[in-house]
There are 2 protein chains.
Amino acid sequence: MTEQLKRATISDVAEHAGVSRAAVSKVLRNAYGVSPAMRTKVEESMALLNYRPLALARGMRGNSYTLGVFLVDLSNTFFSVLAEGIRDVAEELGYQVLIGQARQGLDAQQKLIEAMIDRRMDGLVLIAPFGPNDELEKLGRTIPVVVLGRHGPAKYFDTVASDDIAGSALIVDHLVSLGHERISMLANTQPDSEPGMPQTVRRHGYDLAMEKHGLSQWIDHVPGRWGTESGLEAGRSLAARPLAQRPSALHGGADVAALGAYTALFEAGIHIPDDMSIVGYDNIPATGLPPIGLSTVDQSGVQMGRQAAELLLSRIEGRTESEHVLVSPRLIVRKTSAPPRR
Amino acid sequence: MTEQLKRATISDVAEHAGVSRAAVSKVLRNAYGVSPAMRTKVEESMALLNYRPLALARGMRGNSYTLGVFLVDLSNTFFSVLAEGIRDVAEELGYQVLIGQARQGLDAQQKLIEAMIDRRMDGLVLIAPFGPNDELEKLGRTIPVVVLGRHGPAKYFDTVASDDIAGSALIVDHLVSLGHERISMLANTQPDSEPGMPQTVRRHGYDLAMEKHGLSQWIDHVPGRWGTESGLEAGRSLAARPLAQRPSALHGGADVAALGAYTALFEAGIHIPDDMSIVGYDNIPATGLPPIGLSTVDQSGVQMGRQAAELLLSRIEGRTESEHVLVSPRLIVRKTSAPPRR
DNA sequence: GGATTTGTGTAGATCGGTCTACGTTTTTCT
DNA sequence: AGAAAAACGTAGACCGATCTACACAAATCC
């Protein structure tokens with residue numbers, strides 16, 4: 001077996017350039033106290049030896065130049081769009097983004113976050129994390145944290161979220177303008193829901209919008225979680241209702257759930273949008289597939305991801321007062337919303 | 001601002017337990033030379049001090065207990081399924097999996113892989129990487145590598161792939177048994193295609209299967225890449241063909257491309273499967289959505305992911321001869337394939 | 001022109017683990 | 001019982017960077 005070449009270390013560069021290790025380190029970090037002459041000399045040696053600093057070793061004392069992104073669910077394509085926005089910004093500033101996934105719940109999430117901390121990540125972006133707010137506050141005092149998809153206020157971490165109140169209003173207004181009155185919502189009733197979670201806020205926004213239109217009597221939360229499975233179940237339960245008690249339109253809560261419900265209703269012979277309108281939330285790629293064409297609310301994921309990364313980096317630079325960003329959502333009307341027929 | 005508690009180090013544990021740091025390290029690594037008495041003593045101290053070894057520091061000499069997964073595209077849900085399989089296995093053995101994404105091409109891929117090496121990852125799983133085989137060979141001599149989705153042989157890395165020859169045959173056989181003769185294929189004609197890449201092998205499998213059925217005259221590669229965009233274009237080009245030159249069935253190459261083509265054809269008023277049958281490849285979640293119901297080939301992603309992780313871990317343990325695993329694909333018939341009508 | 005300030009470079013401790021080499025004690029063998 | 005082998009612990013070098021403290025030279029000040 002051929003022996004692999006040994007990688008150049010900072011000492012090799014120092015020796016080759018005829019200077020001290022500290023000097024090379026200074027060049028590396030753009031630190032004060034380096035003459036132009038020395039800089040070029042060192043840089044030449046680095047290039048010649050094909051030197052790359054070992055990020056791991058840097059992390060022992062300084063920064064690891066690594067950001068961690070925590071995801072509940074990789075298969076939710078909206079999340080991966082967010083991740084891309086984060087990466088874009090981070091890369092411009094020389095940070096690497098590594099993603100960890102843990103779908104099995106709070107324990108797995110905790111373990112993964114610890115693993116990221118144990119690898120000395122400089123900061124964390126949590127996308128739609130589980131768990132109570134005070135756990136996150138505790139975490140935020142340990143390491144710079146930005147939470148994506150949960151609303152503030154929070155003292156020790158920043159948040160970036162879609163304005164879910166406005167988003168829900170967008171949906172209800174749209175359906176009402178089409179002539180619907182009996183509008184239900186797939187509510188995410190996860191047991192550990194906290195104030196500030198999208199499910200909580202969107203539901204509240206739905207309630208408010210319904211009241212605004214004088215439709216309080218039709219407020220109806222179809223229970224479940226936001227996933228394909230749960231959406232299917234919710235759809236089946238709707239299909240099982242007697243016709244008189246069935247809504248004419250549905251606020252899907254999130255696209256994955258909305259598509260699940262769509263599927264179940266479709267299979268039960270309930271035609272969309274003739275028999276029932278559905279509007280989702282998130283504008284994931286699958287919603288655009290033409291035979292479906294799910295009307296939905298777009299959150300401009302890349303934008304949110306970029307925002308989150310910028311906040312995180314400024315926090316790493318030392319900012320301590322928390323910031324909370326709301327991104328305005330936008331309604332996208334496709335083919336699953338139409339005037340009621342009954 | 002409240003000061004955060006200082007984290008316990010190995011020295012703290014050693015002092016608390018009244019032993020040497022080396023002893024604690026031995027307990028940690030399950031190394032030889034620890035009496036049961038000392039083990040329990042140390043473990044008690046660790047629990048009491050809430051000690052977690054800093055993975056970063058461990059990586060300086062020993063293992064970092066971190067596996068890197070490289071992904072071209074997070075939004076391809078098949079890839080995320082693979083990643084899950086990897087994580088399952090890795091976690092059982094105390095390894096963490098961190099995912100990196102780089103969709104912009106070879107350079108970005110190279111940078112990301114370097115970043116993972118610079119963080120001293122113990123091994124890498126590359127999912128559908130770009131680039132020539134000898135680049136990968138070179139990489140494989142630097143760090144344990146398993147490539148997912150590229151066929152062997154390879155000397156310095158392992159591969160796990162779907163048996164794409166068989167998969168293509170499955171599709172062609174199925175379509176032929178329905179009565180199709182004029183079967184085209186969305187061929188991925190990326191400029192940097194290498195032998196062993198799925199696109200190459202699937203296309204070859206298609207050619208072979210067509211020949212086997214005596215349909216060589218109808219062999220037809222619709223050029224493009226495997227992505228939604230490119231699928232759309234291919235679909236449009238098919239729709240633009242005069243009816244007499246249009247195939248009655250289409251081997252989609254990959255689900256994302258097949259769905260793109262489906263979309264374009266649908267929009268052009270070509271009805272699936274009445275006017276044209278389409279079969280995809282990968283069985284991504286969106287294919288199952290009922291109004292679509294794309295017939296496809298399943299590769300059992302979780303299984304492949306697990307295999308890859310097992311290979312990688314055994315390679316980290318010291319195995320040097322390379323292994324190459326082929327996973328048998330399975331046809332899933334849904335609603336987009338039917339007998340031809342013309 | 002001597003004192004002070006500024007600029008440039010180095011030595012060496014440090015981060016938190018791992019691992020080799022070696023000393024001491026206990027067990028096994030003949 | 002004495003020798004050899006095995007079991008158990010520890011000291012201290014080491015991994016590859018960062019960072020503080022300090023030495024020395026050059027520039028600026030009064």
Side-chain angles (χ1 to χ4, degrees), chain A residues 6-43 45-46 49-66 94 96 114-115 117-122 143 316, chain B residues 6-43 45-46 49-66 94 96 114-115 117-122 143 316:
Chain A
K6 222 179 142 333
R7 159 176 197 146
T9 73
I10 201 172
S11 303
D12 300 331
V13 175
E15 191 178 354
H16 183 273
V19 300
S20 71
R21 277 153 54 232
V24 179
S25 174
K26 278 188 185 178
V27 172
L28 223 52
R29 290 172 291 131
N30 256 315
Y32 175 85
V34 184
S35 66
M38 154 153 273
R39 153 156 275 118
T40 57
K41 193 169 56 176
V42 168
E43 278 171 349
S45 294
M46 298 203 302
L49 297 179
N50 208 358
Y51 170 73
R52 283 200 326 259
L54 192 69
L56 188 93
R58 306 183 80 171
M60 284 293 287
R61 299 211 67 174
N63 290 343
S64 65
Y65 297 97
T66 313
Q96 265 298 327
E114 283 175 359
I117 293 176
D118 295 347
R119 281 153 186 83
R120 279 276 164 90
M121 303 230 169
D122 295 330
I143 180 174
I316 289 173
Chain B
K6 220 178 139 344
R7 161 178 195 144
T9 73
I10 201 171
S11 302
D12 300 331
V13 175
E15 189 178 355
H16 184 272
V19 299
S20 70
R21 279 154 53 232
V24 179
S25 173
K26 278 188 185 178
V27 172
L28 223 52
R29 289 172 292 132
N30 256 314
Y32 174 85
V34 184
S35 66
M38 154 152 272
R39 151 154 277 118
T40 58
K41 193 169 56 176
V42 168
E43 278 170 349
S45 294
M46 297 202 303
L49 298 180
N50 207 0
Y51 170 73
R52 282 199 327 259
L54 192 68
L56 189 91
R58 304 183 80 171
M60 286 290 286
R61 298 211 66 174
N63 291 342
S64 65
Y65 297 98
T66 313
Q96 265 296 329
E114 282 175 1
I117 293 176
D118 295 346
R119 281 151 187 85
R120 276 278 162 90
M121 305 230 167
D122 295 331
I143 181 175
I316 290 172

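Note that the structure is predicted; figures quoted are calculated from it, not measured.
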(request) Considering only heavy atoms of chain A and a distance under 4.0 Å, specify the first and last nucleotide of DNA chain D in 5' to 3' order that meet this criterion. (result)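 Going 5' to 3' along DNA chain D, contacts run D:dG16 to D:dC19.
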(request) Answer yes if the side chains of B:Arg29 and B:Ser25 hold a donor-acceptor pair under 3.5 Å, and no otherwise. (result)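 Checked: B:Arg29/B:Ser25 side chains pair up, N/O donor to acceptor below 3.5 Å.
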(request) Assess the side chains of A:Thr66 and B:Arg119: does a donor N or O sit below 3.5 Å from an acceptor N or O? (result) yes
(message) Return the CG to CE distance between B:Leu56 and A:Met121, rounded to the nearest 0.5 Å.
(response) 9.5 Å
(message) Can you tell me how far apart CD (A:Glu15) and OG1 (A:Thr9) are? Round to the nearest 0.5 Å.
(response)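 These two atoms lie 9.0 Å from each other.
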(request) Give one of base, sugar-phosphate or nothing for A:Ser25, where a contact means two heavy atoms less than 4.0 Å apart. (result)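 Here A:Ser25 touches the bases of the nucleic acid.
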(request) Heavy atoms of chain B, cut-off under 4.0 Å: which first and last nucleotide of DNA chain C, 5' to 3', fall inside that, if you could look? (result) C:dG16 to C:dC19
(message) Minimum heavy-atom separation for A:Arg120 and A:Ser64, please, with both atom names.
(response)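 Between these two residues, the closest heavy atoms are O-OG, 2.6 Å.
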(message) Show the nearest heavy-atom pair for residues B:Val34 and B:Lys26, with the distance to one decimal.
(response) CG2-CB, 3.6 Å
(request) Decide side-chain contact (heavy atoms from CB on, under 4.5 Å) for A:Leu54 and A:Arg7; before the verdict, give the C-alpha distance in whole Å, the side-chain angles of both, and the deciding distance to 0.1 Å. (result) CA-CA 10 Å; A:Leu54 192 69; A:Arg7 159 176 197 146; 3.8 Å; yes
(message) Quick one, A:Asp12 with A:His16, criterion side-chain contact (heavy atoms from CB on, under 4.5 Å). Give me CA distance, side-chain angles, the key distance, then yes/no.
(response) CA-CA 6 Å; A:Asp12 300 331; A:His16 183 273; over 6 Å; no
(request) By nearest nucleotide on DNA chain D, pick out whichever of B:Met60 and B:Val19 is the more 5' one. (result)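 In this pair, the answer is B:Val19.
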(message) For A:Ser11 and B:Tyr32, find the nucleotide of DNA chain D closest to each by heavy atoms; which residue's nucleotide sits nearer the 5' end?
(response) B:Tyr32
(request) Please say whether more than 12 non-hydrogen atoms of neighbouring residues, nucleotides or ligands are located less than 6.0 Å from CD in B:Glu43. (result) yes
(request) Go through the steps to decide whether A:Met46 and A:Leu28 satisfy the test side-chain contact (heavy atoms from CB on, under 4.5 Å), and finish with yes or no. (result) CA-CA 10 Å; A:Met46 298 203 302; A:Leu28 223 52; 3.8 Å; yes
(message) Over the length of the helix from C:dG1-D:dC30 to C:dT30-D:dA1, how much do the five-pair end axes diverge, rounded to 10 degrees?
(response)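 About 30° separates the two local helix axes.
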